[in-house]
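Comments concern the structure below.
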Amino acid sequence: MKKISDSAEKKNNSIRMIIKRFKRHKLAVASLYFLIFITILAVFAPLIVPYDPNQVSTSFSQPPSAKHWLGTDQIGRDMFSRLLYATRISLFVGFAATVISTIIGVVLGLVAGYFGGIADTVIMRITDTIMSFPYILLVLVAAAIFEPGLWNIILILGFVDWPGAARLVRGNVLSLRESNFVKGSIVAGMPSRHILFSEILPNTVGPVLVYATSVFAISILDEAALSFLGMGVQPPQASLGNILNGAESITVLTGKLWLWVPAGLMIILLVISINFVGDALRDAIDPSAKEDRI
Amino acid sequence: MIKYIIKRILIAIPVLIGITILDYAIMSLAGSPLEMMLGPKTTQAALEAKAIQLGLDKPIYVQYYVWLKNVLKGNLGYSIKNYQPVSQIIREHLGPTLLLMGTSLIVGLMIAIPLGIYSAVHRYTKRDYALVTLSFLGSSIPSFFLSLIFIYLFNVKLGWLPSGGMKTTGGDGGFGDLVRHMVMPVMVLAVSIAGSNIRYVRGAVLEILQKDYVRTAKSKGIGRFLTINKHALRNALIPIVTVIGMHLPILFGGAVIIEQIFSWPGLGLVTMNAIIGRDYPVIMGVALLTAAVVLAANLITDIVYALIDPTIKYH
């Protein structure tokens, strides 16, 4: 019993250390608060927004005012409401795609790294193959074949973006396999399922989490690019990318800044905040990497 | 050494085969070329005749084999839209894309390398943090949003630069005209290249700076300039060169979007138009070509890396 509480306490301690080291990065802490704030706004958007995002009204193309904080578009929809709903969709797409690609990457990486042999060779060659194709081209082609739409975009991004995670996990597993505690378990005759999921997996969670933040950021950027090109989330459903799509028309680009600048700024703020958090997390989880460099 | 190179090439072969299979599979998934070629009024008999003519009545692996044989001969098929050979379309548009990508890569690295070194040398100072933050900003701005801002600023507001194309219509062309058209797309691509590379260069230089030979050079008293530029930088260049190979697919992906926005007449624009028009032979021809180029570039960087750095482990 005592041993279990000991290890639980040790775990608590290490999490506390990670939080302490994370807090040293002021920009990352601010970014985290920003992300939490935006996520709450996005999740509760239906309760917060002053207007229905798809409700057409007669006040066309109004500049920002007290009534419409970010103005209205050509068919009189409230842009503030649309921006919140778009953020909601973009965050959801990014998050779901990251979850899918991380799960695929982790499973394939674990299998390749732990079992080695044919499984390793086949998985890594597939990984190399997919990584050779220009990523955005593969996504665009897939979007052209399967009808563009919310769920298809999530699935496409999720199924194309796993090779990085697979490589990372495989590398980690290979080095963990050589560690004494795993060797000990192998000698003790532990089933490989136990070694994989109770010993190796928990030790790769940190790097995978850090990697997942960068995938999250990239997925948001890719969804925006796809929707901007008209191959992603389809109107009238708003996404940060398809709001920007409107700026391809010259009258919007030159005369109606409120229709496109806020969506662009929102993408930048989201992506840069996620990147800052990921970078600080990398430092907090693996401080040795930094100490070495000093 | 030679064993390592042979092994590296042998590993590349299944990947190349995988690329062609994936390419062919996507193309088959996209639908039968018959449906794309023929109108709704064609008779069943004509369809069957066409199928036999195109070899579509044969099993899929025979079709793949025939297609692969054609690809190896340089025949990538014909565009559904205008019946031009795909290889000819690629040849005609490759130049502008290479020009755009090459210039952007050079400009991007010319920004990233000095700033990355500066950041590493002045690590944990305010200037370092500012540069790292700036590099995060560079890699967080969607390229299409930056393009829109540039067009708004330099074309609409200031009227300095043309908004798209490669030369002024009716103009005499000329070098100055080309440069004016290149400034905006190159700047957009260079910002994203610099953004992701400043931190990479910084990391590589930091790693080298704590090596023993740098400490020796420093303690010899040859001065900070020589220590950094002669001893540290040369060694840091090896990982920096390697990363260029890794950037090729990203760079081409960026070019697809940038060429679309600036109507740059390169492969990216052709690809985007083919995607919108579902012209699959063209899309897959370009995809096959770029994947093969990326594979070759990775192979070359790996081999060059092994040649330059004798301490690398060959496994």
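Given the structure is predicted, the values throughout are model-derived calculations rather than measurements. Chain letters run A, B, ... following the sequence lines, proteins first, then strands; residues in each count from 1.
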Self-check item: side-chain contact (heavy atoms from CB on, under 4.5 Å) assessment of Trp260(A) paired with Ile149(B)
Solution: CA-CA 10 Å; Trp260(A) 59 279; Ile149(B) 291 176; 4.1 Å; yes

Quiz item: Hey, mind stepping through Thr133(B) and Phe276(A) against side-chain contact (heavy atoms from CB on, under 4.5 Å) and telling me if it holds?
Solution: CA-CA 9 Å; Thr133(B) 309; Phe276(A) 280 143; 3.6 Å; yes

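- By the 4.5 Å heavy-atom criterion applied to side chains, Leu257(A) and Tyr152(B) are counted as neighbours.
- For the pair Ile268(A) and Pro142(B), the tightest heavy-atom approach, listed with the atom from each and the gap, is CG1-CD, 3.8 Å.
- Annotation: the span from Phe136(B) atom CZ to Asn275(A) atom CG amounts to 5.5 Å, rounded to 0.5 Å.
- By the 4.5 Å heavy-atom criterion applied to side chains, Tyr129(B) and Leu27(A) are not counted as neighbours.
- With a 4.5 angstrom heavy-atom cutoff, Ala224(A) touches chain B via backbone and side-chain atoms both.
- Between the OG atom in Ser143(B) and the CG atom in Leu221(A) there is a gap of 8.5 Å [rounded to 0.5 Å].
- Interface remark: of the candidates Val256(B), Leu22(B), Ile283(B), Leu295(B), Leu22(B) forms the most heavy-atom pairs closer than 4.5 Å to chain A.
- Under the 4.5 Å side-chain criterion, counting only non-hydrogen atoms from C-beta, Asn298(B) is not in contact with Met131(A).
- Note on ring orientation: taking the six-membered ring where Trp is involved, the planes of Phe228(A) and Phe144(B) are parallel (angle under 30°, cut-offs 30° and 60°).
- Rounded to the nearest 0.5 angstrom, Leu16(B) CG and Asp128(A) CG are separated by 12.0 Å.
- Other residues, nucleotides and ligands place more than 12 heavy atoms under 6.0 Å from the CZ atom of Phe34(A).
- For the atom pair Leu229(A) CG and Ile257(B) CD1, the distance stands at 5.5 Å (nearest 0.5 Å).
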Practice problem: Apply the test side-chain contact (heavy atoms from CB on, under 4.5 Å) to residues Val271(A) and Ile141(B): give CA-CA distance (whole Å), side-chain angles for both, the deciding distance (0.1 Å), then the verdict. | Solution: CA-CA 8 Å; Val271(A) 172; Ile141(B) 298 182; over 6 Å; no

Practice problem: Could you give me the CA-CA distance, side-chain angles and deciding distance for Met124(A) and Ile11(B), then say whether side-chain contact (heavy atoms from CB on, under 4.5 Å) is met? | Solution: CA-CA 10 Å; Met124(A) 289 332 282; Ile11(B) 287 176; over 6 Å; no

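- Taking a 6.0 Å sphere around CG of Leu158(B), one finds it holds more than 12 heavy atoms contributed by other residues, nucleotides or ligands.
- Other residues, nucleotides and ligands contribute more than 12 heavy atoms inside 6.0 Å of the CZ atom of Phe154(B).
- Crowding of Lys26(A) atom NZ: a count of heavy atoms from other residues, nucleotides or ligands under 6.0 Å not exceeding 12.
- How far CD1 of Ile275(B) is from CG of Leu140(A): 4.5 Å, rounded to the nearest 0.5 Å.
- For a residue to count as touching a neighbouring chain, one of its non-hydrogen atoms must lie under 4.5 Å from one of that chain's; by this rule Leu138(A) touches chain B with the side chain only.
- Of the listed residues Thr290(B), Leu251(B), Val15(B), the one with more heavy-atom pairs under 4.5 angstrom with chain A than any other is Val15(B).
- Ranked by non-hydrogen atom pairs under 4.5 Å with chain A, the options Met284(B), Met272(B), Gln260(B) are led by Met272(B).
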